[in-house]
Structures are given as C-alpha cells and as structure tokens.
Amino acid sequence: MREIEAKVITETVKKLVMDTEYNIPEDFIEAIKKSVNTEESPIGKEILNEILKNAEVASKEKVAYCQDTGYPVFFVEIGQDVYIRGGNIKDAINEGVRQATKEGYLRASLAFDPIFERKNTGDNTPALIYFDIVPGDKIKIKFAAKGGGSENQSKQVMLRPADGLEGVKKFVLQCIANAGPNACPPFTVGVGIGGTFDYSAVLAKKALFRHIGERHPDPRIAALEEELLELANQLGVGPLGFGGTTTAVDIKIETAPVHIASLPVAVNIQCHAARHKEIEI
C-alpha cells in the first residue's frame with residue numbers, strides 16, 4: 001500500500017491546470033506548422049500563423065491561451081494500492097483547480113445553476129471528474145480545459161444499427177460542417193461509437209486525449225479516422241471558418257460494446273485551443 005497526501009494531489013493539479021492553460025500541446029503545434037505548408041487559402045495560412053504566434057506569446061508570458069479557460073474535465077486512474085491521506089481525492093482536485101484559477105488569473109467559467117440564476121461559482125469548480133480504479137500504486141491524472149464554443153457544437157445521436165458505417169460517417173461530417181466558425185477551427189474531433197447514450201459521449205471526450213496522428217489499434221477504425229479526416233478537410237470550413245483546406249487536424253475514434261438494437265454515436269468538437277495534459281503521481 002502506497003500513501004499519497006491529499007495536499008500533494010492539490011499542488012499537482014494546480015500546476016497541471018496552469019501549465020495546460022498556458023501551453024498548447026506540442027503535437028498540435030506541429031500539426032499547425034505542417035498545415036501552414038498545405039493550406040491552400042492565403043487567409044487560412046495567415047490565420048494558422050497567428051495561431052502559432054498566439055501560442056508562443058501565451059507560453060512565454062504565462063497567460064491563458066484563450067480567454068475561455070474552459071470547463072475543467074478530469075479522467076483519473078487510481079491504483080488500487082493507493083491510500084490517500086489527509087482528505088479525499090475529489091476535494092483535493094477541486095482545491096487544485098480553485099488555486100490555479102486564482103493564482104493563474106484564469107477566468108471563472110462555471111455557473112452553478114444551469115437554468116434560473118446562472119450564478120458563477122467564482123473559482124471554476126466543481127470540476128467534472130471521471131474516476132477509474134486500475135492495478136498499481138500510482139495516480140494518473142488527465143486534464144482538459146473544455147471551452148464552451150466547441151462544446152456547444154458537440155452532438156450525440158442514437159442511430160439504428162441498419163444505418164451502419166455510412167450513417168456514422170454522415171453524422172460525423174454533418175457535425176463538423178455545422179460547427180463551422182462557431183467552434184474556432186481547425187478542430188480536433190473526438191468520436192465515440194457504441195456503449196450507451198451517455199457513455200458514447202464520454203468515449204468521444206476521452207478520444208480527444210490521444211496524440212495527433214495516434215491511430216486506433218483496430219486497423220478498420222484507424223482507416224475510418226483517416227478517411228473522415230480527409231473528408232472533413234474537403235468541407236471548406238477552413239481556419240476560423242474563413243474557408244480553406246484545414247478544417248480539422250485529426251479525428252480520433254473510441255468504441256465500446258453495444259446493445260444489439262442500438263448504435264450510439266457522439267461527436268465532441270475541440271477548438272484549436274486543444275488544451276489537455278496528463279501527469280502521474
């Protein structure tokens with residue numbers, strides 16, 4: 001049994017959140033650099049270069065890459081041989097988010113009441129946390145700052161099994177086209193196929209954590225990811241919706257077993273502020 005202090009988790013999460021808000025992942029930066037060379041639209045090229053400049057300034061000055069600092073989303077794997085001393089892990093994570101919001105000068109973006117008062121919680125908590133118990137004595141924390149603009153363009157549908165592969169492709173591409181400029185492309189797109197109504201959306205969000213270009217282990221799914229990416233970049237949405245050939249930098253699919261009568265499909269759009277990182281304690 002390995003003991004981990006709750007305050008260590010809090011401090012780790014605080015640093016993780018601030019680092020994620022200031023520094024866009026290197027794989028995304030490299031994808032944008034490559035897209036500058038392939039983008040056919042002059043305006044598109046200019047926008048891609050501005051994205052790179054913005055990322056450089058945010059990292060250098062230690063300021064948030066985007067004013068929408070996002071909904072804090074965590075996927076946490078807890079080793080079954082871990083004992084947390086001095087508090088519980090959920091409170092420790094939320095305290096880390098709270099401190100990062102204050103010390104990192106991050107915008108508080110959460111409203112406690114979704115319908116009536118829409119009152120801001122003031123510190124970007126409570127975070128959305130998914131827990132999973134795994135073998136071992138470590139804690140792996142994956143964090144994403146999920147902006148409202150891209151989340152608003154995400155969709156889920158319960159297709160019929162008879163809709164099949166073509167139905168899935170049609171829905172995914174329709175979501176990307178409809179997102180257009182509202183979700184600040186170029187996108188990273190997470191797709192969840194299978195499971196249940198709710199779990200397909202979780203799969204889509206989890207897919208966004210994979211590195212750009214990291215293909216699904218099933219070669220059939222990997223081929224579908226590449227096909228959808230090629231088709232998405234033929235939609236003409238382009239960087240920030242001004243037209244062009246760089247609408248998405250990657251499409252990543254996660255799947256799960258499914259009921260014989262169902263075909264759930266979820267699409268989670270991620271804007272070009274692809275803010276996600278992970279750390280292990």
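For the single chain, residues carry numbers from 1 onward in sequence order.
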Handout entry: Taking every non-hydrogen atom, the tightest pair across Gly241 and Pro181
Key = CA-CB, 3.8 Å

Practice task
For Lys90, look at atom NZ and say whether over 12 heavy atoms of other residues, nucleotides or ligands are found less than 6.0 Å away.
Solution key: no

Fill in the blank from the handout: Nearest heavy-atom approach of Arg107 to Ser109 is NE-OG, 3.2 Å

Exercise for the section: For Asp68 and Gly147, indicate whether the former's side chain and the latter's backbone hold a donor-acceptor pair under 3.5 Å. Expected result: no

Problem - Under 3.5 Å: donor-acceptor pair, side chain of Ser35, backbone of Glu39 - result: no

Handout entry: Ile32 with Phe187, same ILVMFWY side-chain cluster at under 4.5 Å
Key = no

Practice task
In sequence, state the C-alpha distance, the side-chain angles, and the governing distance for Thr101 and Asp123, and then conclude on side-chain hydrogen bond (donor to acceptor under 3.5 Å, both in side chains).
Solution key: CA-CA 6 Å; Thr101 301; Asp123 56 14; over 6 Å; no

Practice task
Verify side-chain hydrogen bond (donor to acceptor under 3.5 Å, both in side chains) between Ser150 and Lys146, making sure each step is shown before the conclusion.
Solution key: CA-CA 8 Å; Ser150 60; Lys146 197 66 179 67; 3.0 Å; yes

Exercise for the section: Go through the steps for Gln99 and Thr10 under the test side-chain hydrogen bond (donor to acceptor under 3.5 Å, both in side chains), then give the verdict. Expected result: CA-CA 9 Å; Gln99 292 181 17; Thr10 292; 5.7 Å; no

Exercise for the section: Any chance you could measure Ile193, atom CD1, to Leu224, atom CG, to the nearest 0.5 Å? Expected result: 6.0 Å

Exercise for the section: Give a yes or no on whether Glu230 atom CD has more than 12 heavy-atom contacts from other residues, nucleotides or ligands under 6.0 Å away. Expected result: no

Completion exercise
NZ of Lys142 to OG1 of Thr20, rounded to nearest 0.5 Å, is 13.5 Å

Exercise for the section: Run the numbers on Asp132 and Phe75 for side chain to side chain contact (heavy atoms under 4.5 Å, CB included), then give the verdict. Expected result: CA-CA 8 Å; Asp132 192 18; Phe75 286 91; over 6 Å; no

Fill in the blank from the handout: All heavy atoms of Ser200 vs all of Gly194, minimum pair found to be CB-O, 3.5 Å

Practice task
Treat each ILVMFWY residue as a node, draw an edge where side-chain heavy atoms are under 4.5 Å apart, and state whether Leu208 and Val189 are in one component.
Solution key: no

Problem - Any donor-acceptor pair under 3.5 Å from Asn23 side chain to Asp19 backbone - result: yes

Practice task
Check whether Val36 and Ile24 end up in the same hydrophobic cluster, where Ile, Leu, Val, Met, Phe, Trp and Tyr are linked by side-chain heavy atoms less than 4.5 Å apart.
Solution key: yes

Problem - Presence of salt bridge, Glu214 and Lys252, under 4.0 angstrom - result: no

Exercise for the section: Measure the CZ-NZ distance between Arg275 and Lys277 for me, rounded to the nearest 0.5 Å. Expected result: 12.0 Å

Practice task
Give a yes or no on this: more than 12 heavy atoms of other residues, nucleotides or ligands lie within 6.0 Å of atom CD of Glu280.
Solution key: yes

Exercise for the section: List for me each residue that meets side-chain contact (heavy atoms from CB on, under 4.5 Å) alongside Asp218, sequence neighbours excluded, and say none if there are none. Expected result: His216, Arg220, Ile221

Handout entry: Within the 6.0 Å centroid threshold, strictly below: Tyr65 and His272
Key = yes

Problem - Nearest-0.5 Å distance that lies between atom CG in Leu106 and atom CZ in Arg98 - result: 14.0 Å

Problem - Heavy atoms from other residues, nucleotides or ligands near NZ of Lys169 exceed 12 (cutoff 6.0 Å) - result: yes

Practice task
Before accepting this row, confirm whether a basic side-chain N of the pair Glu151/Lys205 lies closer than 4.0 Å to the acidic partner's carboxylate O.
Solution key: yes

Identify each donor-acceptor pair in which a side-chain atom of residues 231-239 lies under 3.5 Å from a protein atom, sequence neighbours left out, and give them as a table.
from: Asn233; atom 1: OD1; to: Thr247; atom 2: N; distance (Å): 2.8
from: Asn233; atom 1: OD1; to: Ala248; atom 2: N; distance (Å): 2.9
from: Asn233; atom 1: ND2; to: Leu229; atom 2: O; distance (Å): 3.4
from: Asn233; atom 1: ND2; to: Ala248; atom 2: O; distance (Å): 3.1

Handout entry: Within 6.0 Å of OH in Tyr71, more than 12 heavy atoms from elsewhere
Key = yes

Practice task
Identify whether Ile253 and Leu203 are in the same connected component of the hydrophobic contact network (ILVMFWY, side-chain heavy atoms under 4.5 Å).
Solution key: no

Practice task
Please check if the side chain of Asn268 supplies one atom and the backbone of Lys206 the other of a donor-acceptor pair under 3.5 Å.
Solution key: no

Exercise for the section: Flag yes if Ile4 and Met1 sit in one hydrophobic cluster, no otherwise; membership is Ile, Leu, Val, Met, Phe, Trp, Tyr, and two members link when side-chain heavy atoms are under 4.5 Å apart. Expected result: no

Fill in the blank from the handout: Taking every heavy atom of Lys155 against every heavy atom of Phe171, the minimum-distance pair comes out as CB-CZ, 3.7 Å

Problem - Partners meeting side-chain contact (heavy atoms from CB on, under 4.5 Å) with Val76 (sequence neighbours left out) - result: Phe74, Ile78, Ile89, Ile93, Ile129, Phe131, Ile139, Ile141

Practice task
Salt-bridge test for Glu56 and Lys53: reply yes if a basic N is under 4.0 Å from a carboxylate O, no otherwise.
Solution key: no

Problem - Closest non-hydrogen atom pair between Ala108 and Asn120, with its separation - result: O-ND2, 2.9 Å

Completion exercise
Here the pair of heavy atoms bringing Ala273 nearest to Cys66 is CB-CB, 4.5 Å

Exercise for the section: Drop me the distance from Leu165's CG to Leu263's CG, to the nearest 0.5 angstrom. Expected result: 10.0 Å

Exercise for the section: Output yes when a side-chain donor or acceptor of Asn49 lies under 3.5 Å from a complementary backbone atom of Glu46, and no otherwise. Expected result: no

Problem - Partner of Asp250 by side chain to side chain donor-acceptor pair (under 3.5 Å), out of Gln270, His211, Arg215 - result: Arg215

Practice task
Can you measure from NZ (Lys45) to OG1 (Thr245) and round to the nearest 0.5 angstrom?
Solution key: 8.0 Å

